[in-house]
There are 2 protein chains.
Amino acid sequence: MDERRELHTTIVEVGPRDGLQNEDRILPAEVKIELIERGVAAGITRIEAVSFVHPARVPQMADAEQVMAGVPRPGGVSYIGLVLNRRGLDRALAAAVDEVNAVVVATDTFCVRNQGVTTDAAMDAFEGIAGAAAEAGVRCGITIAAAFGCPFEGQTPPARVAELARRAHAAGAREIALADTIGVGVPGQVRDLTRRVRAAAPGLPLRFHFHNTRNTGYANALAAVAEGVTVLDASTGGFGGCPFAPAATGNIATEDLLYALHREGHTTGIDPQAVAATGAWLGDHLGKPAPALLGRAGPFPAPAG
Amino acid sequence: MDERRELHTTIVEVGPRDGLQNEDRILPAEVKIELIERGVAAGITRIEAVSFVHPARVPQMADAEQVMAGVPRPGGVSYIGLVLNRRGLDRALAAAVDEVNAVVVATDTFCVRNQGVTTDAAMDAFEGIAGAAAEAGVRCGITIAAAFGCPFEGQTPPARVAELARRAHAAGAREIALADTIGVGVPGQVRDLTRRVRAAAPGLPLRFHFHNTRNTGYANALAAVAEGVTVLDASTGGFGGCPFAPAATGNIATEDLLYALHREGHTTGIDPQAVAATGAWLGDHLGKPAPALLGRAGPFPAPAG
C-alpha cells in the first residue's frame, strides 16, 4: 500500500449538473431536488447541483434557481454552482450557492465551441469571476476542461495545463479540478498532471473529474488517490454522456467509484448501495439503464443472512 | 513511469472460450473459427480457443474438435485448450492444441459447484494433468479461479492462493493465471497476490484474468503491468458474463485494454480498431451490443484526414 495516500476521499457528486446536462430528456425540478435529497441522505457532502449558463444553450439547467430554492440545507453539505461569466456568477450568488466553479477549456478550438471564447479569454473571465466571488465571500474553484485531450486538437500538452493552473492560482482560485472531459486519459497522465499542477499551483487543493468513455476512468481515479488527491467528481448511475461520443458512457459512476475506494481501504462516508438504488431510480426517470455496474452486479461480499 | 514495468504485453484472447461459454446463444463452429481468424489477422498470438469439458455441462464448447480443426496455423500463434481432467487432456492432445490450461477454483464451495470436487482434489487432478502434459511435450498452465473473491465465501484468503501456486509450481505448471472470476478485485489485491505468488512460485510466469463486473477490471490490469506482469487475458468485445451476476458485464475487453496499454506506452502488436470491429461483429452474432467502449467512443487521437 502506498504510504502517501490519504484514507478519506471526498466525492463531489456532479450527477445533477454534468450527469443531466447532456441528456435528451429534461427532468423537472422536483426530480432534480429528489436526486439531491437522495444523495444527501446517502452521505454525500459536496454536490455540483446546477449551472448558471444561458438557458437557450443548456435548457436542461434552465431551472437552476428553482432547484437551489428546493434543496435541503443541513449543516455540512456544500452546493456548487457552475458559472461561465459574471452574469452567471450574479445568478449563483443570488441563489445562495455555497461555492462557485468556473470552467476554462484548455484547448482553443474546444473552448470556442464550448463557451465562445479562446482559452486565454476564458482565463481572463475567470480572473474577474474569482475576484468578484472573493468580494462576495464565496469559495471559487476552476475546472480546467479537456486537460487530458481534445476532440479537435488531440492530446493536450501538459505544460499548457500547468500554465493555466499557475494563472488560476494567481487569480485566487481556491481549488483546481482537472477534467478528462472526453474520456481519453490514462493513469500515466494523471500522475504527470498531478505533479506539474502541484508545482505550478503550490498548496492549492486538487480535484479530478473523469469520464469512463474508453474504460479508463476508474483506473485514473485510483491513480489520482494513489498520488494523494483527496477529492474526486463522480455522477450517480454514471450518467452524463459526452456529446463527442454519443454512444459511449459518461462520467465515472459514484457507486462504482465508492466500491473501488472502499475495497482499497478508503473511507468516504457514503453508502454505495443507496447510491446504486438512486442510479436505478434515475435511469427510470431518464428512460435508460444506468451505465454503473455495481447496481447490476450486487454488493460484495454478499450481505449475511 | 514505473521502471519495473515491461514495455511489451502479451494478450491472451479468451473470447472464443470464456467470452462465449456463458452466452445463451450457441454460435456455430464456423463463426468461432472466423472470430479466431479475425483475431490472428489483428495481431493476436495467444488464443484460449476451446475447452474440452463435458458437452452436457457446457454445450457452447461441444464442437471444440471441429473448431481446432478449422483454425489457421501460422507460425507464432499458440492455441490453448482448457481442460479439467485427464479425459479433457486426451481430447486436447488429439486436437493438437499448443498449450493446455487447467482450472482449480481457490474456494471449496465454488470448486465443488464448478467442477464437482474440492479445491484439494482439483489440485490433485492438476498434478496428474501436468505430468501427462509434460510427457506429451505440451506446455501446461493453471488458472487459479476465484483468486480474489468467491460468491459463496467472500474474499479469498491470499495465503490460500499462494499455497495453491506453490503446489502448482511443484507439479510442473509452466504458467500461473490468477483469475478474478466474479469481478470483485481491486488493485491492492493485485499487488498483494503478485508478490505472494512470486514468492511461492519463484520464476514461474504470471498471468492475470480480470472481469469488469464492478468496473475495477481495467484498473486491475494496469496495476498488474505496473508490477511487471507481462501476460493478460482479455475478451474481444468484452463478452463473457458471470453467471453469478447475469446483468453485469464480463471479461475486460481486448480493445479497451489495448487502448489503455498503448496510451500508457506499452506495445502489444495488436490493432485495437480491428479488434473493436470484431467486437461489433461478434455482438451481431450474439444478438447484443458489445460491452466494450472503444468501438462506441472511437479512436483517440482521431485519425487525420
Side-chain angles (χ1 to χ4, degrees), chain A residues 1-2 148-155 182-189 191-192 211-223 226 238 241-242 244-249 252-253 255-257 259-265 272 289 291-302 304, chain B residues 1-2 148-155 182-189 191-192 211-223 226 238 241-242 244-249 252-253 255-257 259-265 272 289 291-302 304:
Chain A
M1 296 297 165
D2 195 317
F148 291 75
C150 166
F152 312 108
E153 300 186 19
Q155 185 162 327
I182 61 167
V184 296
V186 287
Q189 285 184 286
R191 289 186 284 272
D192 180 48
H211 283 237
N212 197 41
T213 317
R214 288 167 183 80
N215 253 328
T216 61
Y218 300 91
N220 290 340
L222 294 180
C242 174
F244 299 100
T249 57
I252 57 171
E255 54 267 55
D256 293 357
L257 179 61
Y259 175 81
L261 288 172
H262 293 177
R263 291 264 297 141
E264 289 279 73
L293 296 181
L294 186 66
R296 304 185 214 177
F300 178 81
Chain B
M1 298 296 164
D2 196 316
F148 291 75
C150 167
F152 312 108
E153 300 185 21
Q155 185 162 326
I182 62 167
V184 296
V186 287
Q189 284 183 286
R191 288 187 284 272
D192 180 47
H211 282 236
N212 197 40
T213 317
R214 287 166 183 81
N215 253 328
T216 61
Y218 299 92
N220 291 339
L222 294 180
C242 173
F244 300 99
T249 58
I252 57 172
E255 54 267 56
D256 293 358
L257 179 61
Y259 175 81
L261 288 172
H262 293 177
R263 292 264 298 142
E264 288 280 70
L293 296 180
L294 185 66
R296 304 185 214 177
F300 178 80

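Chain naming here is simple, since letters A, B, ... match the order of the sequence lines and numbering starts at 1 in each.
Proximity to chain A is absent for every atom of B/Asp192, based on heavy atoms less than 4.5 angstrom apart. With a threshold of 4.5 angstrom between heavy atoms, A/Asn220 does not approach chain B through any atom at all. For chain A, no part of B/Ile252 is nearby; none of its heavy atoms comes within less than 4.5 Å. Residue contact with chain A, scored on non-hydrogen atoms closer than 4.5 Å, involves the backbone of B/Pro299 exclusively.
In terms of modelled atom types and a separation under 3.5 Å, the side chain of A/Tyr218 and the main chain of B/Gly217 share no donor-acceptor contact. The backbone N or O of B/Gln189 lies less than 3.5 Å from no partner atom in the side chain of A/Arg263, so there is not a single donor-acceptor pair.
B/Glu264 approaches A/Val186 most closely through the heavy-atom pair OE1-CG2, 3.2 Å. The two residues B/Gln155 and A/Phe300 have their closest heavy-atom pair at N-CZ, 3.5 Å.
With respect to chain B, the highest number of heavy-atom pairs below 4.5 Å among A/Pro301, A/Ala297, A/Ala219, A/Gly295 belongs to A/Ala297. Highest contact tally toward chain B, considering only A/Pro187, A/Gly238, A/Gly298, is held by A/Pro187 [criterion: heavy-atom pairs under 4.5 Å].
Paired with A/Leu293 under the rule side-chain contact (heavy atoms from CB on, under 4.5 Å), one option of B/Thr213, B/Asn215, B/Thr216 passes, and it is B/Asn215.
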